[in-house]
S.K.: 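Dropping a structure here in structure tokens format, bear with me for questions.
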Amino acid sequence: MPLRGLEDVIASETRISDIDGKLGKLWYAGYSIDDLCEHSSFEEVVFLVHHGRLPTQDELDALNEQMVEDRDAAEFVANLMPTLAEQTSPMSMLRTSVSAASAYDPDGWDQSPEANHRKAIRLIALFPTLIAHYDRQRKDLEPVPANPKLPHAANFLAMLSGEEPDQQAARAFDVAFILYADHTMNASTFCARVVASTLSDMHSAVVAAIAALKGPLHGGANEQAMRMLEEIEEPGRAERYVKDMVARKARTMGFGHRVYKTWDPRAPIMPALARQQAETAGETSWSDISERIHTAMEVEKGLNPTVDSYAASLLHDLGLDTDLFTPMFAAARAAGWTAHIREQYADNRLIRPDSEYIGPRDQVWVPVEERSVEEGSVKEAGTDAERAEGEGTR
């Protein structure tokens, strides 16, 4: 019997990241997520997932310089942005812009390992620019040029708000980027590797990943968690809200995970960051609600939070609009996607799973005027519960 959702099926070998779902552990290239969030920068993590080791100072300096140089969008892509800002959602913009950027990539259709590494870094550097320019233009604000003196995450905040973030905000956002950088064979990463296995180009594989992340069962958990906080409105209403959700057997976003049977190892890092940023912003209600939901969920269902539960209040207090949470996720996950694509290219075999046919056999063709529709012959793909079920951030 096939496993629905390919659960526990190993699709490939990788050196990029690893999960122990029973113990609640996550590693990037053998380094625990706790150590990386405490000591590293996102730029170091980019190098790590692409090279399997931490960079020397000279290598880190070179990567920082390259990412700064690659932040600007091609003129053609920049000229698309006013229309995209007016007509599309943020994730649709990102999908279309990355596809358009392929036509103006300096390495063209060169598929050499060296060219694909340059394309990978170029895409990682470009994502924040696309998102920030889109957000500014849909608000009738002038786009903010990239600041070459700021690191990747801090520059993203500056391009969104027009103001250089303080050190605390910059570090909190940098840690959020590290936490979202990779997560083994999630849906979007699998899509990217499938496309790469056909030897299609880097941009096409990343577009496929964006399209998968756009779906609410994969990338939208942090956004949906924020909308839940907004629905609750006040900390004092959190407990009753959770009890009502449990009674209705509705899913509480940001709790429960497809892989982890205990704590999501990224989740314990988030509450302190969210609380600190909330206190600095002078508005702790969102962090308060998150904490009340956490307590209520432990009591009512024994469920632990995922990274999205507290990421929602943190990203909100950092100034991101709710519909930018998933694009921010994509901007961070671009590090992992591109690393997996390059890993697929390096030891490639076309990914071509089998399927089990469950339809009718030995049917007899009849002329169209003699045909009739058999009641109940077609089963709808997926029940309402299956379509509504989320998985947390993967």
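Along the sequence shown, residues are numbered consecutively beginning with 1.
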S.K.: Calculate, to the nearest 0.5 Å, the distance between atoms CG and CG belonging to Leu160 and Asn155 respectively.
M.R.: 9.5 Å
S.K.: Might you work through the side-chain contact (heavy atoms from CB on, under 4.5 Å) test for Arg122 and Gln66, ending with a clear yes or no?
M.R.: CA-CA 8 Å; Arg122 207 170 282 133; Gln66 183 180 357; 5.6 Å; no
S.K.: Do Asn186 side-chain atoms and His183 backbone N/O form a donor-acceptor pair below 3.5 Å?
M.R.: yes
S.K.: If you round to the nearest 0.5 Å, how far is CG of Asp58 from OG1 of Thr56?
M.R.: 5.0 Å
S.K.: Should His203 and Ser99 be marked as a side-chain hydrogen bond (donor to acceptor under 3.5 Å, both in side chains) after you check the CA-CA gap, both sets of side-chain angles, and the distance that decides it?
M.R.: CA-CA 6 Å; His203 286 73; Ser99 183; over 6 Å; no
S.K.: CG/Asp18 to OG/Ser32 distance, rounded to the nearest 0.5 angstrom?
M.R.: 12.5 Å
S.K.: Give a yes or no on whether a salt bridge exists between Arg171 and Asp166, defined as a side-chain N under 4.0 angstrom from a carboxylate O.
M.R.: no
S.K.: Considering the options Leu60, Ile124, Asp61, which one meets the side chain to side chain contact (heavy atoms under 4.5 Å, CB included) requirement together with Glu43?
M.R.: Leu60
S.K.: May I ask you to say whether Glu59 pairs ionically with Arg53, meaning some side-chain N is under 4.0 Å from a carboxylate O?
M.R.: yes
S.K.: Does the side-chain hydrogen bond (donor to acceptor under 3.5 Å, both in side chains) test come out yes or no for Ser89 and Ser92, once each step is laid out?
M.R.: CA-CA 5 Å; Ser89 68; Ser92 294; 3.0 Å; yes
S.K.: Any heavy-atom pair between the side chains of Asn222 and Gln224 that's under 4.5 Å?
M.R.: no
S.K.: Does the salt bridge (Lys or Arg N to Asp or Glu O under 4.0 Å) test come out yes or no for Lys119 and Asp70, once each step is laid out?
M.R.: CA-CA 10 Å; Lys119 290 177 184 179; Asp70 289 338; over 6 Å; no
S.K.: Does a salt bridge link Asp347 with Arg342, judged by any charged N lying under 4.0 Å from a carboxylate O?
M.R.: no
S.K.: Would you sort out whether Val206 and Phe127 count as a side-chain contact (heavy atoms from CB on, under 4.5 Å), showing the intermediate values?
M.R.: CA-CA 11 Å; Val206 171; Phe127 269 54; 3.9 Å; yes
S.K.: Under the 3.5 angstrom rule, does the side chain of Tyr31 hit a backbone N or O of Leu54 as a donor-acceptor pair?
M.R.: no
S.K.: Using the side-chain contact (heavy atoms from CB on, under 4.5 Å) rule, take Val144 and Glu142 through it: C-alpha gap first, then chi angles, then the decisive distance, then the call.
M.R.: CA-CA 6 Å; Val144 176; Glu142 284 295 317; over 6 Å; no
S.K.: Without swapping roles, check the side chain of Gln111 against the backbone of Ser200 for a donor-acceptor pair under 3.5 Å.
M.R.: yes
S.K.: Going through the checks in order, is the salt bridge (Lys or Arg N to Asp or Glu O under 4.0 Å) test met by Asp288 and Arg292?
M.R.: CA-CA 6 Å; Asp288 292 338; Arg292 297 282 188 93; over 6 Å; no
S.K.: For Ala73, is there any backbone N or O sitting under 3.5 Å from a side-chain donor or acceptor partner on Thr129?
M.R.: no
S.K.: Whether Asp244 and Arg248 form a salt bridge (side-chain N of Lys/Arg under 4.0 Å from carboxylate O of Asp/Glu) is what I want to check.
M.R.: no
S.K.: Tell me, do Arg349 and Gln344 make a side-chain contact under 4.5 Å, heavy atoms counted?
M.R.: no
S.K.: Roughly how far, to the nearest 0.5 Å, is the CH2 atom of Trp109 from the CG atom of Asp201?
M.R.: 5.0 Å
S.K.: Determine whether the aromatic ring centres of residues His50 and His340 are separated by less than 6.0 angstrom.
M.R.: no
S.K.: Tell me whether the rings of Phe156 and Phe173 are parallel (<30°), tilted (30 to 60°) or perpendicular (>60°).
M.R.: tilted
S.K.: Check the pair Arg193 / Glu343 against salt bridge (Lys or Arg N to Asp or Glu O under 4.0 Å), numbers first and verdict last.
M.R.: CA-CA 9 Å; Arg193 291 193 74 132; Glu343 187 177 64; 2.7 Å; yes
S.K.: Examine Ile210 and Tyr104 and state if one hydrophobic cluster contains both, with Ile, Leu, Val, Met, Phe, Trp and Tyr joined whenever side-chain heavy atoms are less than 4.5 Å apart.
M.R.: yes
S.K.: For the residue pair Tyr180 and Phe329, categorise the inter-ring angle as parallel (less than 30°), tilted (30 to 60°) or perpendicular (more than 60°).
M.R.: tilted
S.K.: Does a side-chain heavy-atom distance below 4.5 Å link Ser290 with Leu229?
M.R.: yes
S.K.: Could you tell me whether Arg237 and Glu233 make a salt bridge, using a distance below 4.0 angstrom between a side-chain N and a carboxylate O?
M.R.: yes
S.K.: First locate atom OG of Ser97, then atom CG of Leu126, and finally report the distance between them rounded to the nearest 0.5 Å.
M.R.: 8.0 Å
S.K.: Is a side-chain donor or acceptor of Glu65 paired with a backbone partner of Met67 at a separation under 3.5 angstrom?
M.R.: no
S.K.: Look up atom CZ in Phe42 and atom CG in Asp174, then write down how far apart they are to the nearest 0.5 Å.
M.R.: 8.0 Å
S.K.: May I ask you to decide whether Lys25 forms a salt bridge with Asp34, counting only side-chain N to carboxylate O separations under 4.0 Å?
M.R.: no
S.K.: Flag the pair Thr83 / Gln87 as yes when at least one side-chain heavy-atom distance between them is below 4.5 Å, and no otherwise.
M.R.: yes
S.K.: With side-chain contact (heavy atoms from CB on, under 4.5 Å) as the criterion, how do Leu320 and Leu157 come out once you've worked through the C-alpha distance, each side chain's angles and the decisive distance to 0.1 Å?
M.R.: CA-CA 8 Å; Leu320 274 72; Leu157 287 178; 3.9 Å; yes
S.K.: Are any non-hydrogen side-chain atoms of Leu179 and Ile269 less than 4.5 angstrom apart?
M.R.: yes
S.K.: Look only at the side chain of Tyr134 and the backbone of Leu84, and say whether a donor-acceptor pair between them is shorter than 3.5 Å.
M.R.: no
S.K.: Tell me whether Ser313 contacts the main-chain N or O of Tyr310 through its side chain, where contact means a donor paired with an acceptor under 3.5 Å.
M.R.: yes
S.K.: Do any N or O atoms from the side chain of Asp321 and from the backbone of Asp323 form a donor-acceptor pair under 3.5 angstrom?
M.R.: no
S.K.: Does one hydrophobic cluster hold both Ile121 and Tyr345, with members joined at side-chain heavy-atom distances below 4.5 Å?
M.R.: yes
S.K.: Less than 4.0 Å between a side-chain N and a carboxylate O, is that true for Glu223 and Arg227?
M.R.: yes
S.K.: With side-chain hydrogen bond (donor to acceptor under 3.5 Å, both in side chains) as the test, would you mind laying out the steps for Trp27 and Ser17 before giving the verdict?
M.R.: CA-CA 5 Å; Trp27 300 268; Ser17 64; over 6 Å; no
S.K.: Find out whether Ile293 and Glu239 are in side-chain contact, i.e. whether some heavy atom of one side chain is under 4.5 Å from a heavy atom of the other.
M.R.: no
S.K.: Within the structure provided, determine whether Thr189 and Thr184 are in side-chain contact (heavy-atom separation under 4.5 Å).
M.R.: no
S.K.: When you compare the side chain of Leu141 with that of Gln137, does any pair of heavy atoms fall below 4.5 Å?
M.R.: no
S.K.: Do the side chains of Asp107 and Arg118 get close enough for a salt bridge, i.e. N-O under 4.0 angstrom?
M.R.: yes
S.K.: Indicate yes or no for a side-chain donor-acceptor contact from Thr198 to the backbone of Val195 under 3.5 Å, with no hydrogens or angles considered.
M.R.: yes
S.K.: Would Thr280 and Gln168 count as a side-chain hydrogen bond (donor to acceptor under 3.5 Å, both in side chains) here? Give the steps.
M.R.: CA-CA 9 Å; Thr280 299; Gln168 176 185 297; 2.7 Å; yes
S.K.: Decide, yes or no, whether a salt bridge links Glu291 with Arg275 under the criterion of side-chain N to carboxylate O below 4.0 Å.
M.R.: yes
